[in-house]
Every structure is written in C-alpha cells, then in structure tokens.
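Protein chains get the first letters and strands the later ones, always in sequence-line order, with residue 1 at the start of each.
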Number of protein chains: 2
Amino acid sequence: MKRIAADLGVSVTTISKVLNQHADIGPAMRARVLKRVEELGYRPNAVARSLSLKRTHTVGIIIPDLMHSFFVEIVSALEASISRRGYGLLLCSSGEDARKERSELEMLRARQVDGIVLASANATGNTALLRDLTRMGIALVMIDRDDHPKVSCHRVLTDDVEVGRLAAAHLVARRCRVIGHIAGPPILHSQRREEGYRRALAATGMAIDARHLAAGGFMEADGYRAMQQLLSATPRVDGVFAVNDPAAIGAMKAVWDAGLRVPDDVAIVGAGDVAYSDLIRVPLTTVRWSKSEVGTSAADLILDQIEGEGVRPKRVIIAPELIVRQSA
Amino acid sequence: MKRIAADLGVSVTTISKVLNQHADIGPAMRARVLKRVEELGYRPNAVARSLSLKRTHTVGIIIPDLMHSFFVEIVSALEASISRRGYGLLLCSSGEDARKERSELEMLRARQVDGIVLASANATGNTALLRDLTRMGIALVMIDRDDHPKVSCHRVLTDDVEVGRLAAAHLVARRCRVIGHIAGPPILHSQRREEGYRRALAATGMAIDARHLAAGGFMEADGYRAMQQLLSATPRVDGVFAVNDPAAIGAMKAVWDAGLRVPDDVAIVGAGDVAYSDLIRVPLTTVRWSKSEVGTSAADLILDQIEGEGVRPKRVIIAPELIVRQSA
DNA sequence: ATGAAAGCGCTAACAA
DNA sequence: TTGTTAGCGCTTTCAT
C-alpha cells in the first residue's frame with residue numbers, strides 16, 4: 001500500500017479507502033489507484049487487516065475424526081457455504097480426545113477466529129472453556145452432539161428419539177416378532193435412540209426383554225460382539241436395530257458368520273447412512289438425516305451471528321427419514 | 001500483555017520475552033509473569049504475532065473435492081502432521097474448477113499462509129500465479145497430480161506407469177486371454193496408467209486390439225458406459241483394468257447388468273483403493289498407494305521448507321502395490 | 001475529496 | 001537482566 005501511495009503521490013489512507021469502497025473518493029482517483037493495484041498485482045494483507053478490524057473472517061471447525069465419512073460430508077457442506085460468504089475454514093480434529101480438543105480450542109482462540117463449529121468429544125472438562133469463548137464474543141455452534149448443556153450456543157442436531165422410533169417401527173411393520181437393539185455407549189444420543197426403539201415397541205404392545213438389548217458401541221467390532229450375544233438368546237431375534245451404521249455392519253457380519261441370512265433370518269436397521277451403506281453386500285436399511293443440511297445450517301447460524309444478526313441461541317433439528325434398502 | 005505489564009510494573013517487552021522463552025530473563029521475573037498470565041488466562045494474539053513475525057504458522061490445502069475419500073485420507077494425515085508441529089490448516093476446495101482454484105489461491109496468499117498444498121485441478125491458467133507464489137517465498141507442494149511442469153516445487157506422486165503395469169500383470173497372471181482397459185480422461189496420469197497396461201501386455205507378447213481399449217473417465221458412470229462398449233466387442237474381454245476404482249465399480253455394474261459374473265466371466269482390477277472397495281458385493285481387486293503417506297510426506301516437505309531446511313524441490317514417489325481381493 | 005495521526009497486539013534491535 | 005523505540009500493514013477518526 002505504501003508503495004502504491006508513493007507511486008501515485010497520495011496517502012495510504014486514500015488507497016485504503018478505494019480498496020474498501022468508501023464513498024468519499026473521486027472517480028478519477030479511484031481509477032488511478034485501481035490501475036496501479038492491477039499493475040502491481042497487489043493484494044491486501046489479510047493479517048494486518050484482521051489485526052486492525054479485530055475480525056479474521058475465519059471460522060474453525062473441530063471434529064473427532066476426518067476418517068468418518070459422516071463428518072466429512074458436514075465439513076464439505078460447511079466449507080462450501082462459508083467460502084461463498086468470504087470466510088476461511090480452519091480444520092482441526094480432536095481424535096475424540098478431550099485434551100486434544102481443548103488444545104485445538106485454545107489454538108483457535110489464539111488465532112482470533114470469528115466462530116467455532118464443534119462436534120464435541122464427550123469432554124465435560126471443556127465446558128468452562130467453551131463458556132469463556134462465547135463470553136469473549138466468539139460465535140459457537142455445536143453439531144451432532146448435544147453435550148455441554150450449560151453452554152449457551154447454537155446447536156444443530158437430529159431427533160434421536162425419532163431415529164430409533166423410525167428404525168424399530170420399520171421392523172415392526174416388516175412383521176418381525178422378536179426385535180432386539182444394539183445399544184451405543186452411554187451417552188445421550190444412544191439413550192435417545194434406545195428410547196425411540198422402546199416407544200415403537202410399546203406402541204404396538206410388544207414387550208421388551210432385557211436379553212434382546214445388548215450393550216454395544218459405535219464401532220463395527222462392537223456391533224459384531226453385541227450381535228453374537230443377541231443370537232444366543234431364545235427366542236432368537238429376527239429383527240435388530242443397531243445404534244449406528246458401523247455397528248449394523250458389524251452385526252451383519254456376525255449374522256453371516258453364524259450361518260444365517262440377512263434379512264431372511266435377521267433383519268437389520270442401522271442409523272446414520274454412512275457413505276458406502278448402499279454398496280455393501282446386502283445394502284443397509286438405515287435412518288438418515290442430511291449431513292449437508294447440518295453443514296449448511298451450521299454455516300448459516302455461525303455467520304449470521306458473526307455478522308450480528310441473530311443473537312439468541314437457536315436449536316436446529318434436522319429431521320431423520322427411513323431409507324429402505326435390503327437389510328430390512 | 002499491556003495489562004500484565006502494568007499489573008507487574010514491568011514492560012511489555014519483558015512479558016514478550018518470557019512468553020517466547022528468551023534466555024535473558026531472571027527466574028524470579030519469569031515466575032511472576034507466568035503466574036499472572038495464568039491468573040488472567042491470557043493467550044497471546046496470534047494475529048498480531050503473525051503480523052510482526054511475518055509468519056502465520058498456517059498452511060493452506062486446496063483439493064478438488066472433499067467428498068472423494070481419496071483426498072480425505074490425505075487431508076487427515078496432513079492435518080495430523082502439521083498440527084503436531086504447531087501449524088494450522090486452512091481447508092479449501094476447488095470443485096475441479098480452475099477459477100475457484102485461482103480464487104482460493106489468492107485468498108491463501110492474502111492470508112499470508114506459510115505454505116500451500118495443492119491437488120491441482122487441471123488448470124493450466126494458474127501456472128503463472130503458482131510461480132508468483134513460490135517466488136514470494138510461499139512453500140508449495142503439489143500432490144497427486146503432476147501438472148504445471150514449469151512450476152518448481154515439491155511433488156508427492158505415485159508411479160502411474162507402475163500402477164497400470166501391476167494391474168494388467170495381475171490379469172495376465174490370472175490367465176485372462178483378452179485384457180481390456182477402461183481409460184481415464186486425457187491427462188497425464190491416465191496416459192501413464194495406460195502405458196503401464198501396454199507394457200505389461202507387451203511383456204508377454206499379447207497384442208493390443210483397439211476395440212479393447214475404451215475411452216472412459218474417472219467417474220462410476222464413465223466406467224459403466226465404457227464396459228458396455230467393451231462387452232460388445234468380440235472376442236469378448238475376460239479381464240479389464242479400469243483407470244480408477246469408481247470406474248471399476250461402474251464397470252462391475254455393467255457386467256452384472258449384462259448377466260455376467262465377476263470375476264468368472266470378466267475379472268476387474270481398479271486403482272486407488274477407495275475406502276469402501278472391500279465392502280462392495282464383490283470386493284474389488286485394486287492397486288493402492290498409501291494416502292496417509294502422501295499426506296505425511298507433503299506435510300514434512302512443506303514444513304521443512306518453511307522452517308528453512310531443504311530448499312531444492314523434491315519429488316517423492318509413493319510406491320503402488322497390488323491388493324488382491326475378489327474381483328480379479 | 002484527501003490526508004495526518006493514532007492504534008490494533010506483538011516482536012526485535014539496541015540501549016541502559 | 002530489563003526497558004525504549006520503532007515497526008509489521010492496515011483502518012479509522014478527525015481535520016483540512
């Protein structure tokens with residue numbers, strides 16, 4: 001800028017003004033400046049600009065794991081949205097580890113990002129830090145996980161009870177007689193999905209036998225183990241709702257390894273619709289909710305807050321829907 | 001910092017020095033400062049730091065598409081590496097579009113990133129800009145695509161000729177008699193893979209019939225169409241090397257739709273090893289090269305250059321290997 | 001319509 | 001060992 005100002009015999013203020021489309025600049029001056037800018041291929045230094053403006057036009061996102069296609073789709077949609085609105089995206093991963101999550105949060109704070117999108121690891125320890133961040137004026141939206149109830153921020157979630165209800169109701173409609181459930185880890189979302197499962201069965205007067213409820217987890221191996229357990233109970237399950245797709249895939253493998261067929265002997269419904277669920281040997285029936293909607297909603301919420309529109313924390317629920325393929 | 005300095009009745013320089021572990025600070029002072037920093041929960045402003053240091057500790061990465069699992073694995077490994085070394089990652093996607101790629105490059109330049117990792121869209125138009133960036137001292141490493149020969153920078157690639165050779169040689173070893181190829185778009189990498197295919201056949205004295213070479217592309221739909229074409233030629237192919245996995249999957253679908261079996265009637269080999277290739281109905285035999293190695297190599301190259309170690313552009317070749325599953 | 005001056009929060013010579 | 005001063009590149013009052 002100094003260079004341009006010198007070349008043209010004007011002040012840097014003037015340059016700054018034309019670059020920022022201030023009204024109080026003569027058209028002649030404006031043209032001269034623009035011309036020289038073009039010639040020199042000059043680009044304003046965003047760092048200096050940020051320091052002066054106290055706005056970085058950057059949002060950070062922290063997700064547990066990039067390898068999980070679920071988060072990738074969200075990131076992808078989010079990136080598209082914020083880039084269109086002129087923001088940059090700083091990508092971090094926590095590896096489901098509370099300490100790493102904390103250090104990434106601090107890093108984002110140090111970098112003065114305007115907002116943070118967080119898919120929280122189950123890290124109660126970071127609640128205080130999150131509150132600090134919001135108090136400092138950093139916009140925050142939590143996605144996917146409904147943790148940190150004490151933190152007041154936007155949230156983009158799905159309706160987990162409905163997820164479980166849709167899945168189990170489908171098994172009921174398919175005339176399964178003994179409907180089991182592979183539960184997730186003891187967090188809110190697993191519990192809500194189980195609750196939906198219970199409600200669906202209750203609605204038809206089916207009893208729930210504890211032996212048809214298996215403790216599982218979110219991983220394929222968890223689903224495998226849980227299904228082995230379910231298969232050993234009598235009467236044997238002929239329908240199972242697994243807490244998520246990886247667990248459902250593990251469950252399918254266990255069924256096969258037991259010499260049984262999916263869905264003829266055991267029908268299986270998952271949740272989450274991972275990217276490849278329609279490519280596996282028996283395409284998975286599952287409950288999905290739009291990840292790209294999660295991403296764009298998060299982008300809208302955070303940018304609107306940054307740009308000073310909505311202030312009240314909003315809760316956006318992305319509706320789940322049943323995808324019937326062949327496993328149930 | 002000012003606040004702390006005032007509280008302690010010292011100068012900001014002192015604070016800066018203890019924060020940056022300068023040697024010339026008394027242990028007493030150092031302790032006092034650290035204590036107050038702790039109490040206040042103070043974190044240095046990285047933006048100001050960057051402005052002063054002319055170093056942002058940030059690297060940008062531009063990839064064509066986040067939805068493609070191939071790039072995700074690279075990004076994931078890269079993020080892990082650079083985050084461990086204290087850098088942040090600014091993620092951009094070009095959507096295979098030269099103009100978007102250009103604007104992302106300019107954005108990264110404006111933000112003064114220390115380095116850029118680029119999986120280039122086939123955008124000859126950006127060569128000049130890339131050269132400018134390197135001349136400005138921004139570290140550059142190109143991954144996956146070997147474009148912009150005029151630009152002097154690090155490159156992390158695989159050996160595409162070898163990819164094609166491994167794939168075709170496997171079909172030969174399997175005793176396929178008529179080995180076809182589904183080619184990619186007319187870019188270097190497709191051509192090299194085709195060259196490898198040619199060499200493998202030539203090595204065994206097999207002739208190549210133009211009718212067994214189909215113009216395809218990188219997408220599933222391309223593979224489907226190309227395979228339909230190949231199936232109509234006589235003698236019919238009994239082995240096909242597809243330029244990449246999506247094309248190979250499309251090809252498999254075409255084989256099934258024609259009422260034939262994989263690999264009994266037509267054996268198929270892909271390349272790239274997308275994440276789900278072992279989950280599909282007939283697990284795909286393919287040629288893979290480590291994406292995480294691509295990511296970590298890129299990270300090492302760029303950080304070493306940023307931190308002033310190697311200056312000479314390096315060319316890192318990630319060796320491909322054959323993964324035999326069930327499609328061939 | 002244009003410019004001088006102060007300031008954003010930090011680092012780095014150079015003195016003391 | 002600590003402090004003074006200048007400066008990183010930009011924006012923004014407030015004058016002119």
**Message:** Could you work out, with ring pair (Phe, Tyr, Trp, His ring centres under 6.0 Å) as the rule, every residue matching A:F218, not counting sequence neighbours?
**Reply:** none
**Message:** Walk me through whether B:Q305 and B:V141 qualify under side-chain contact (heavy atoms from CB on, under 4.5 Å).
**Reply:** CA-CA 10 Å; B:Q305 174 171 352; B:V141 16; over 6 Å; no
**Request:** For A:L8 and C:dT2, give me the distance from atom CG to atom P, rounded to whole Å.
**Result:** 11 Å
**Message:** What is the distance, to the nearest angstrom, from the CG atom on A:L51 to the P atom on D:dG7?
**Reply:** 17 Å
**Request:** Evaluate whether atom CZ of A:R99 has more than 12 neighbouring non-hydrogen atoms of other residues, nucleotides or ligands under 6.0 angstrom away.
**Result:** no
**Backbone of B:A121 reached by a side-chain donor or acceptor of B:E96 within 3.5 Å** = no
**SB check B:D132 A:R43 (cutoff 4.0 Å)** = no
**Message:** Is it the case that over 12 heavy atoms from other parts of the model lie below 6.0 angstrom from the CD atom of B:E39?
**Reply:** yes
**Asked** Does B:T14 make a side-chain N or O approach to OP1 or OP2 of D:dG3 shorter than 4.0 Å?
**Response** yes
**B:I4 CD1 to C:dG9 C1', straight-line distance once rounded to whole Å** = 12 Å
**Fill in**
Whether each nucleotide of nucleotides 10-16 of chain D has a protein heavy atom under 4.0 Å at its base (B), only at its sugar-phosphate (S) or at neither (-) is summarised, 5' to 3', as BBB----
**Prompt:** Which part of the nucleic acid, if any, lies within reach of A:V10 when heavy atoms closer than 4.0 Å are counted: base, sugar-phosphate only, or nothing?
**Reply:** sugar-phosphate
**Distance, rounded to the nearest Å, where B:K54 contributes NZ and D:dG9 contributes C1'** = 8 Å
